[in-house]
Amino acid sequence: QVQLVESGGGLVQVGGSLRLSCAVSGRTLRSYAMGWFRQAPGKERQFVAAIAWSSDYTVYADSVKGRFSLSRDSSKNTVTLQMNSLKPEDTAAYYCAAAYSVGTIVAGTGVDYWGQGTLVTVSS
């Protein structure tokens, strides 16, 4: 069984930074793409970013492009979402996800594994 465990959420002021990590255990996901979603209270879960496991190909939602950066460390089986210039609208629970391809994650369908989520709160 594959497990995704997020860490790094918390409270930050507007304009600040946070780094979220997702540790993958259970087996090596060399054939999987990884990504992040977020869900604000009362809103639907939305795509944030995705990265191919075997390359540096990344895709970002327009709302975070230029502020967020997604990377992966294959040797540690982790992916990291660096979030800069945070805004109040970034407040949400952030979920790590694993799927067959970057396209699958972007589409929001067919995600094979989910993490339990980590809360990010941006205060003004």
Side-chain angles (χ1 to χ4, degrees):
Q1 183 67 22
V2 174
Q3 287 188 320
L4 308 179
V5 179
E6 303 99 333
S7 61
L11 175 64
V12 64
Q13 292 187 332
V14 170
S17 299
L18 278 177
R19 179 178 296 178
L20 304 184
S21 293
C22 176
V24 181
S25 63
R27 63 174 174 163
T28 301
L29 298 179
R30 294 193 181 278
S31 61
Y32 278 81
M34 300 294 296
W36 289 88
F37 288 79
R38 67 186 182 186
Q39 187 169 20
K43 296 187 177 181
E44 294 186 354
R45 187 175 297 186
Q46 63 176 193
F47 165 76
V48 175
I51 187 168
W53 196 257
S54 59
S55 74
D56 291 329
Y57 175 64
T58 52
V59 178
Y60 297 94
D62 288 342
S63 59
V64 306
K65 201 170 294 182
R67 300 188 297 122
F68 290 13
S69 178
L70 182 59
S71 60
R72 75 326 189 216
D73 186 333
S74 300
S75 64
K76 297 182 179 179
N77 239 20
T78 61
V79 290
T80 300
L81 183 67
Q82 178 66 42
M83 306 186 296
N84 299 325
S85 303
L86 284 163
K87 305 175 181 180
E89 51 264 43
D90 294 320
T91 294
Y94 283 71
Y95 298 89
C96 181
Y100 175 73
S101 68
V102 168
T104 301
I105 293 178
V106 173
T109 59
V111 170
D112 294 290
Y113 304 103
W114 291 97
Q116 82 287 352
T118 185
L119 185 61
V120 171
T121 303
V122 184
S123 65
S124 57

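Numbers here simply count residues along the sequence, with the first being 1.
Hydrophobic clustering of Ile, Leu, Val, Met, Phe, Trp and Tyr side chains at less than 4.5 Å, counting indirect connections, unites Val111 with Val102. The hydrophobic cluster containing Val48 also contains Leu70, counting ILVMFWY residues as joined when their side-chain heavy atoms lie under 4.5 angstrom apart, directly or transitively. Using a 4.5 Å cut-off between side-chain heavy atoms of Ile, Leu, Val, Met, Phe, Trp and Tyr, with links allowed through other members, Tyr113 and Leu81 fall into the same hydrophobic cluster. Leu119 and Val12 are members of different hydrophobic clusters when ILVMFWY side chains are connected at heavy-atom separations under 4.5 Å. Val2 and Tyr100 fall into different hydrophobic clusters, where Ile, Leu, Val, Met, Phe, Trp and Tyr are joined by side-chain heavy atoms under 4.5 Å apart, directly or via other members.
Ala52 approaches Arg72 most closely through the heavy-atom pair O-NE, 3.7 Å. For the residue pair Gly9 and Leu20, the shortest heavy atom distance occurs at N-CD2, 3.5 Å. Across all their heavy atoms, Ile105 and Ala50 have their closest contact at CG2-CB, 3.8 Å. Of all heavy-atom pairs between Ser17 and Asn84, the closest is OG-OD1, 2.9 Å. Between Glu6 and Gly117, the shortest heavy-atom contact is OE1-N, 3.0 Å.
Scored by the side chain to side chain contact (heavy atoms under 4.5 Å, CB included) test, Ser101 finds Thr104 as partners (sequence neighbours excluded).
Without hydrogens or angle criteria, Gln116 side chain to Val5 main chain gives no donor-acceptor distance under 3.5 Å.
The side-chain heavy atoms of Glu89 and Val122, taken from C-beta on, include no pair separated by under 4.5 Å. You'll find the side chain of Val120 reaches within 4.5 Å of the side chain of Met83, heavy atoms only. Within the 4.5 Å cutoff, side-chain heavy atoms of Cys22 are placed close to those of Leu4. Annotation: side chain of Phe68 is in contact with side chain of Asp90 (closest heavy-atom distance under 4.5 Å). Looking only at side-chain heavy atoms (C-beta outward), Ser63 and Arg38 come within less than 4.5 Å of each other. The closest side-chain heavy-atom distance from Val14 to Pro88 is below 4.5 Å. Trp36 is listed as a side-chain neighbour of Cys96, based on a closest heavy-atom distance under 4.5 Å.
Classified by interplanar angle (parallel below 30°, tilted 30° to 60°, perpendicular above 60°), the ring pair Tyr95/Trp114 is perpendicular. Classified by interplanar angle (parallel below 30°, tilted 30° to 60°, perpendicular above 60°), the ring pair Phe37/Phe47 is perpendicular.
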Derivation and outcome, side-chain contact (heavy atoms from CB on, under 4.5 Å), residues Thr80 and Arg19: CA-CA 7 Å; Thr80 300; Arg19 179 178 296 178; 3.2 Å; yes

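For CD of Glu44, the number of neighbouring non-hydrogen atoms (other residues, nucleotides, ligands) closer than 6.0 Å is 12 at most.
The CG atom of Leu86 sits 13.0 Å away from atom OG of Ser124, with the distance rounded to the nearest 0.5 Å. Here CG of Asp73 is found 4.5 Å from OG1 of Thr78. Values are rounded to the nearest 0.5 Å.
Between Lys65 and Asp62 a salt bridge is recorded (basic side-chain N to carboxylate O distance below 4.0 Å).
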